[in-house]
A.B. asks: 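Take a look at the following structure, please.
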Number of protein chains: 2
Amino acid sequence: MVTRLSNFFLRTLREDPADAAVTSHKLLVRAGYIRPQAAGIFAWLPLGLRVKARIEAVVREEMAAAGAQEVHFPALMPREAYEATGRWEEYGDLLFRLQDRKGGDYLLAPTHEEAFTLLVKDLYSSYKDLPLTIYQIQDKYRDEARPRAGLLRGREFTMKDAYSFDASDAGLDASYMAQRDAYERIFQRLGLEYVIVQADAGAMGGSRSEEFLHPTSVGEDTFVRSAGGYAANVEAFTTIVPDALPIEGLGAPVVFDSPNTPTIQTLVDHANAHLDAPAPGIAGPATDGATEWTAAHTLKNVVLALTHLDGTRELVIVGIPGDRDVDDKRAEVAFAPAAVEAATTEDFERNPLLVKGYIGPWSETGAVLGEESATGIRYLLDPRVVDGTAWVTGANIDEKHVHTLVAGRDFAGDGFVEIANVREGDPAPDGSGPVELARGMEIGHVFQLGRKYAEALGLKVLDENGKLVTVTMGSYGIGITRILAIIAELNNDDKGLIWPASVAPFDVQVVATGREPVVFEVSEQLSSELEAAGLDVLYDDRPKVSPGVKFGDAELVGVPKIVIVGRSAADGQVEVWDRRSGDREIVPVGEVVARLHG
Amino acid sequence: MVTRLSNFFLRTLREDPADAAVTSHKLLVRAGYIRPQAAGIFAWLPLGLRVKARIEAVVREEMAAAGAQEVHFPALMPREAYEATGRWEEYGDLLFRLQDRKGGDYLLAPTHEEAFTLLVKDLYSSYKDLPLTIYQIQDKYRDEARPRAGLLRGREFTMKDAYSFDASDAGLDASYMAQRDAYERIFQRLGLEYVIVQADAGAMGGSRSEEFLHPTSVGEDTFVRSAGGYAANVEAFTTIVPDALPIEGLGAPVVFDSPNTPTIQTLVDHANAHLDAPAPGIAGPATDGATEWTAAHTLKNVVLALTHLDGTRELVIVGIPGDRDVDDKRAEVAFAPAAVEAATTEDFERNPLLVKGYIGPWSETGAVLGEESATGIRYLLDPRVVDGTAWVTGANIDEKHVHTLVAGRDFAGDGFVEIANVREGDPAPDGSGPVELARGMEIGHVFQLGRKYAEALGLKVLDENGKLVTVTMGSYGIGITRILAIIAELNNDDKGLIWPASVAPFDVQVVATGREPVVFEVSEQLSSELEAAGLDVLYDDRPKVSPGVKFGDAELVGVPKIVIVGRSAADGQVEVWDRRSGDREIVPVGEVVARLHG
């Protein structure tokens with residue numbers, strides 16, 4: 001059935017919505033695809049629903065081809081299972097929680113790992129039942145603190161979440177690859193360029209974890225890649241640990257006056273002005289052969305405050321080379337599930353042994369940082385601070401630093417942690433050469449959960465020998481509404497949206513211009529023929545709207561092919577307009593169907 | 001793609017679920033269509049999802065044919081609009097309410113009248129934009145007190161809710177009829193017999209309201225119908241008000257002793273034992289010509305307690321003929337939005353003028369019931385208590401009643417109310433004869449909302465004369481998951497489900513029995529051919545499962561046609577088994593596709 005604009009539920013808007021910061025948000029609202037209902041919560045209008053349905057159809061087809069079966073869970077779930085896995089607490093403010101009339105606790109599920117695990121536990125009991133991959137396409141909720149980017153990060157969003165169940169690790173690998181392959185096909189069909197990057201498996205306890213990122217300079221995620229094929233999220237990047245250096249032959253620590261040097265740069269300037277040049281071999285690999293002091297010679301001790309799940313607050317100090325900064329995302333992942341922030345003035349006041357700006361692990365009277373030290377504060381080191389490296393760092397006395405302070409001789413940490421930023425040129429951990437930094441948008445995530453959920457919820461099956469084994473699981477997510485927004489974000493110009501054919505709300509828009517009856521007769525006939533040929537047609541049949549307004553609406557809405565039927569329709573001529581290239585071509589009416597169908 | 005039982009996500013269960021009281025609940029769980037997640041909240045397994053999708057497809061096709069356009073709203077909605085229409089309060093405990101991290105109030109929408117109204121207000125402004133009918137198929141929430149009947153009344157349920165918008169009453173009538181016609185086609189396609197009954201428009205402020213009921217003796221709703229074509233919900237049934245009777249010539253009220261007569265029956269027995277027979281003409285039409293006292297001569301004064309939306313509690317007394325009882329549903333509708341219950345002992349204690357068991361409107365010292373009376377309690381009368389009817393009723397003195405108490409002379413009410421039950425033989429209000437009572441299940445509701453929502457939320461459009469007019473609306477609902485349950489409820493036997501072809505999860509189930517390779521070869525080939533012919537095939541390819549178990553599973557799952565491939569497959573013979581009739585017929589393999597496709 002041809003859809004007619006004269007009664008189609010659509011109003012295009014001239015003005016960008018006031019609260020919209022990103023292009024997809026602006027255009028999807030202006031072109032009549034979605035309407036805001038509350039912060040990060042949208043209603044779907046007929047146009048938007050059509051695009052969403054096409055994306056869902058692609059995902060469903062590829063899920064079926066990969067052997068995944070569709071199920072559906074409610075958004076409203078009882079607390080118990082989420083309590084058992086710890087997520088009821090861990091999710092913090094991100095979780096919408098509520099009570100029913102009897103006071104029972106419920107949540108709006110942000111994902112359904114627990115429910116899928118319990119469902120399989122409910123119905124399956126033998127390794128013969130496995131492998132199994134089941135999925136749903138479902139509306140999820142997450143109470144984001146700042147839901148500002150329209151559908152890119154909403155508080156309600158539609159996700160395809162799949163979960164695989166296997167009795168063995170080899171089985172999990174196979175199920176994982178089947179989903180990973182399906183994702184590649186999905187993004188290819190949707191015309192979305194992607195990079196598969198290693199992601200941090202993090203606190204979820206899994207092993208293999210990869211993100212599909214669409215590389216774009218406006219992406220919100222940073223990733224690293226090497227020419228040799230390495231690609232990872234910054235959170236997942238690991239530093240190659242340098243070999244330890246010989247300690248023998250290094251001089252003793254030297255405390256020196258360093259007035260007004262609370263920052264790395266002031267300290268380096270002071271050192272170059274007042275100290276001898278660094279002795280050969282006193283520092284680590286990063287400073288080999290340096291003839292003057294640099295930030296890489298210094299050890300920066302960053303004071304962080306962790307808030308653990310039970311609410312306790314713990315100070316932690318991390319020593320990182322002074323030429324690097326803390327990467328907040330790496331820190332977040334490194335300390336998860338604890339929340340991490342910079343220490344506050346109050347934290348310093350409660351720890352008077354910490355001399356702000358001059359903190360270091362060592363003093364002439366003994367260790368200052370570390371669980372066994374005077375402060376008792378846990379002290380963690382960047383992996384580059386290997387034994388035998390010598391550093392300039394705080395002497396724990398106001399306006400004094402120390403140099404030639406040697407790791408493994410003068411100080412040690414309670415452990416290592418990776419929270420320093422990754423830089424262009426850092427070596428990829430797999431030896432494939434130096435990395436570059438790039439930006440991207442997450443479009444999918446495949447993830448070996450391992451046995452965390454199955455263990456927490458008791459999902460076991462009998463193996464070949466009649467022995468109970470815990471099932472191993474994978475989790476595979478695609479944000480349907482997020483992908484829709486990303487496609488909109490990547491496919492537009494200053495006139496409006498430009499949908500790829502694979503997800504466009506209509507295949508062709510027929511625009512009748514002018515007032516002559518022949519225009520409407522030809523448009524009507526052509527629309528029917530296009531529809532009969534299997535194309536979805538939006539026919540702009542509005543009788544008293546100017547060609548300029550109709551063209552503007554067509555450009556804003558972004559149907560990929562537009563057929564303009566004007567005065568020359570009487571002579572059997574119409575124009576076929578390609579929305580993306582802007583090319584217009586005069587085509588005999590009789591050839592339009594063949595042209596557009598091809 | 002043929003679906004194979006060997007890896008299909010399905011486990012049939014031998015036992016009924018412990019908490020299931022209705023057949024559809026038991027069978028849908030046992031046959032692997034749904035799994036409970038919490039009271040009244042279910043997950044959908046692949047089989048269930050298939051049936052649901054087929055019902056949704058029928059509804060979508062008929063909505064499109066009726067010119068309705070699909071949109072989609074979130075389940076999570078902000079409080080404001082529901083506050084403006086009063087529903088935030090009115091819904092009481094039925095509403096799931098929650099707050100976001102900023103303390104903003106939200107609800108899980110039970111229906112979306114407000115949101116649809118605001119959406120149209122957002123985008124439309126002229127009568128030329130109308131008529132418009134938009135709908136969604138969406139998961140809704142309602143915190144039912146006793147969600148016991150599986151999908152028949154769940155706390156989460158999928159609904160198609162449509163809303164029409166018109167500038168005129170005539171337009172609303174046309175939009176209403178288009179939806180009503182669509183509903184008839186939907187139920188015909190789903191094979192669901194239906195009766196369209198008048199329903200009460202109630203507190204919603206609308207005018208025309210009809211329910212589609214499936215007539216069945218196990219239905220939860222009572223409706224009335226006459227041979228002459230009248231059909232209504234009991235809530236919507238109206239009593240024909242009898243003409244007033246002459247008061248002249250009636251005797252004065254007579255108080256009489258009536259010890260131990262707190263009930264109607266004891267009172268009637270007492271009157272027949274101790275009083276003269278009723279004088280001719282002293283009572284209303286229901287008792288004409290009676291030669292002894294009956295319950296119909298008595299006036300029962302029922303003390304009810306209303307709880308208004310603002311929380312205040314009000315006693316109301318309703319006088320109804322003693323041969324009728326209060327119908328709770330009619331009372332609920334009559335007093336909505338106030339909640340109604342029987343008065344408690346405390347209520348009586350607070351009103352010492354009420355003599356329990358002997359309450360009446362009159363006493364020798366003046367009126368007892370009514371806003372202007374000694375008690376000040378509002379007094380409402382059944383419509384049959386017309387002027388000139390004479391009654392036996394309480395005298396407001398312990399163990400005393402009064403007879404020949406005449407309405408319009410000795411007492412009057414503050415108004416009339418219809419809360420008495422409807423009985424077989426009561427005259428239909430449209431004059432089409434006596435009614436009978438029947439039971440049914442609600443399967444759809446069409447409803448003229450009128451201007452209530454548009455007024456509350458300010459939805460106006462410019463009319464032909466450039467004047468702002470308030471839009472008039474209709475609301476049209478079908479419970480998708482409820483209909484699925486009703487179809488299951490109506491289509492089963494002691495072996496399991498029997499799906500109608502229009503909604504079956506698969507068209508045909510091929511069952512391979514035995515161990516001979518030829519059985520599996522023929523089954524495989526036949527399944528592919530059936531699938532190629534456009535049928536959805538479930539192939540029971542399980543290699544080591546006995547024929548008995550396979551047949552039992554097939555009967556429980558309820559696919560309408562079953563093809564049994566056994567030993568005689570080697571001779572080109574299979575059996576086609578009709579699940580509903582139970583007939584089995586031997587058919588040459590080569591003819592199966594033609595047979596089942598026809």
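A note on names: the letters A, B, ... follow the listed sequences, proteins ahead of strands, and every chain is numbered from 1.
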A.B. asks: Apply the test side-chain contact (heavy atoms from CB on, under 4.5 Å) to residues B:F96 and B:R155: give CA-CA distance (whole Å), side-chain angles for both, the deciding distance (0.1 Å), then the verdict.
C.D. replies: CA-CA 10 Å; B:F96 282 108; B:R155 295 201 294 171; 4.1 Å; yes
A.B. asks: Quick check: closest heavy atoms across A:E15 and A:R30, and the distance to 0.1 Å?
C.D. replies: O-CG, 3.2 Å
A.B. asks: Measure A:E80 against the heavy atoms of chain B and call it side chain, backbone, both or neither at under 4.5 Å.
C.D. replies: neither
A.B. asks: CH2/A:W88 to CD/A:E114 distance, rounded to the nearest 0.5 angstrom?
C.D. replies: 11.5 Å
A.B. asks: Taking side chain as everything from C-beta outward and backbone as N, CA, C, O, which of these in A:E144 sits under 4.5 Å from a heavy atom of chain B? Side chain, backbone, both or neither.
C.D. replies: backbone
A.B. asks: Heavy-atom distances under 4.5 Å only: say whether A:P74 touches chain B with side chain, backbone, both or neither.
C.D. replies: both
A.B. asks: What are the two closest non-hydrogen atoms of A:Y33 and A:P505, and how far apart are they?
C.D. replies: OH-CG, 3.3 Å
A.B. asks: Side chain from CB out, backbone as N, CA, C, O: work out which of these in B:Y106 comes under 4.5 Å of a heavy atom of chain A, or both, or neither.
C.D. replies: side chain
A.B. asks: How long is the straight-line distance from CZ of B:R142 back to CG of B:L95, given to the nearest 0.5 Å?
C.D. replies: 10.0 Å
A.B. asks: Heavy-atom distance under 4.5 Å between the side chains of B:F42 and B:L28, does that happen here?
C.D. replies: no
A.B. asks: Using a cut-off of under 4.5 Å for heavy-atom pairs, which of A:D139, A:L108, A:D100 has the most such pairs with chain B?
C.D. replies: A:D100
A.B. asks: Taking the basic N atoms (NZ, or NE/NH1/NH2) and the acidic carboxylate oxygens, is any pair closer than 4.0 Å for B:D536 and B:R54?
C.D. replies: no
A.B. asks: Can you list the residues of residues 117-133 of chain A that sit under 4.5 Å from chain B, counting heavy atoms only?
C.D. replies: A:L119, A:V120, A:D122, A:L123, A:Y124, A:D129, A:L132
A.B. asks: Can you tell me how far apart CG (A:D553) and CZ (A:R11) are? Round to the nearest 0.5 Å.
C.D. replies: 9.5 Å
A.B. asks: Could you check whether any side-chain heavy atom of B:K160 comes within less than 4.5 Å of a side-chain heavy atom of B:Y476, counting everything from C-beta outward?
C.D. replies: yes
A.B. asks: Angle class for the B:Y163/B:F116 ring planes (parallel below 30°, perpendicular above 60°, tilted otherwise)?
C.D. replies: tilted
A.B. asks: Considering only heavy atoms, which portion of A:A81 lies under 4.5 Å from any heavy atom of chain B: side chain, backbone, both, or neither?
C.D. replies: neither
A.B. asks: Select one option (side chain, backbone, both, neither) describing which atoms of A:E70 are under 4.5 Å from chain B's heavy atoms.
C.D. replies: both
A.B. asks: Go through the atoms of A:D143 and report whether side chain, backbone, both or neither lie under 4.5 Å from a heavy atom of chain B.
C.D. replies: both
A.B. asks: Quick check on A:R101 against chain B: is it the side chain, the backbone, both or neither that has a heavy atom closer than 4.5 Å?
C.D. replies: both
A.B. asks: Pick one of side chain, backbone, both or neither for B:Q37, based on which atoms fall under 4.5 Å of a heavy atom in chain A.
C.D. replies: both
A.B. asks: Please round to the nearest 0.5 Å and tell me the distance separating atom CG of B:L484 and atom CD1 of B:I55.
C.D. replies: 4.0 Å
A.B. asks: Is it the side chain or the backbone of A:L76 that comes within 4.5 Å of chain B heavy atoms, both, or neither?
C.D. replies: both
A.B. asks: Using a cut-off of under 4.5 Å for heavy-atom pairs, which of A:G104, A:A65, A:A38, A:S6 has the most such pairs with chain B?
C.D. replies: A:A38
A.B. asks: Heavy atoms only: give me the nearest B:K140-B:H112 pair and the separation to one decimal.
C.D. replies: NZ-ND1, 2.9 Å
A.B. asks: Heavy-atom distances under 4.5 Å only: say whether A:Y141 touches chain B with side chain, backbone, both or neither.
C.D. replies: side chain
A.B. asks: When heavy-atom pairs shorter than 4.5 Å are enumerated against chain B, which of A:N7, A:L10, A:D93 gives the highest number?
C.D. replies: A:D93
A.B. asks: Among A:V71, A:I41, A:L47, which residue has the highest count of heavy-atom pairs closer than 4.5 Å to chain B?
C.D. replies: A:V71
A.B. asks: Could you look at A:L45 and say if it's the side chain, the backbone, both or neither that has a heavy atom under 4.5 Å from chain B?
C.D. replies: both
A.B. asks: About how many Å separate OG1 of B:T85 and CD of B:E83, when rounded to the nearest 0.5 Å?
C.D. replies: 8.5 Å
A.B. asks: Checking heavy atoms, do the side chain of A:R97, its backbone, both or neither come under 4.5 Å from chain B?
C.D. replies: backbone
A.B. asks: Check whether the side chains of B:T111 and B:D161 place a donor and an acceptor atom closer than 3.5 Å, and report yes or no.
C.D. replies: no
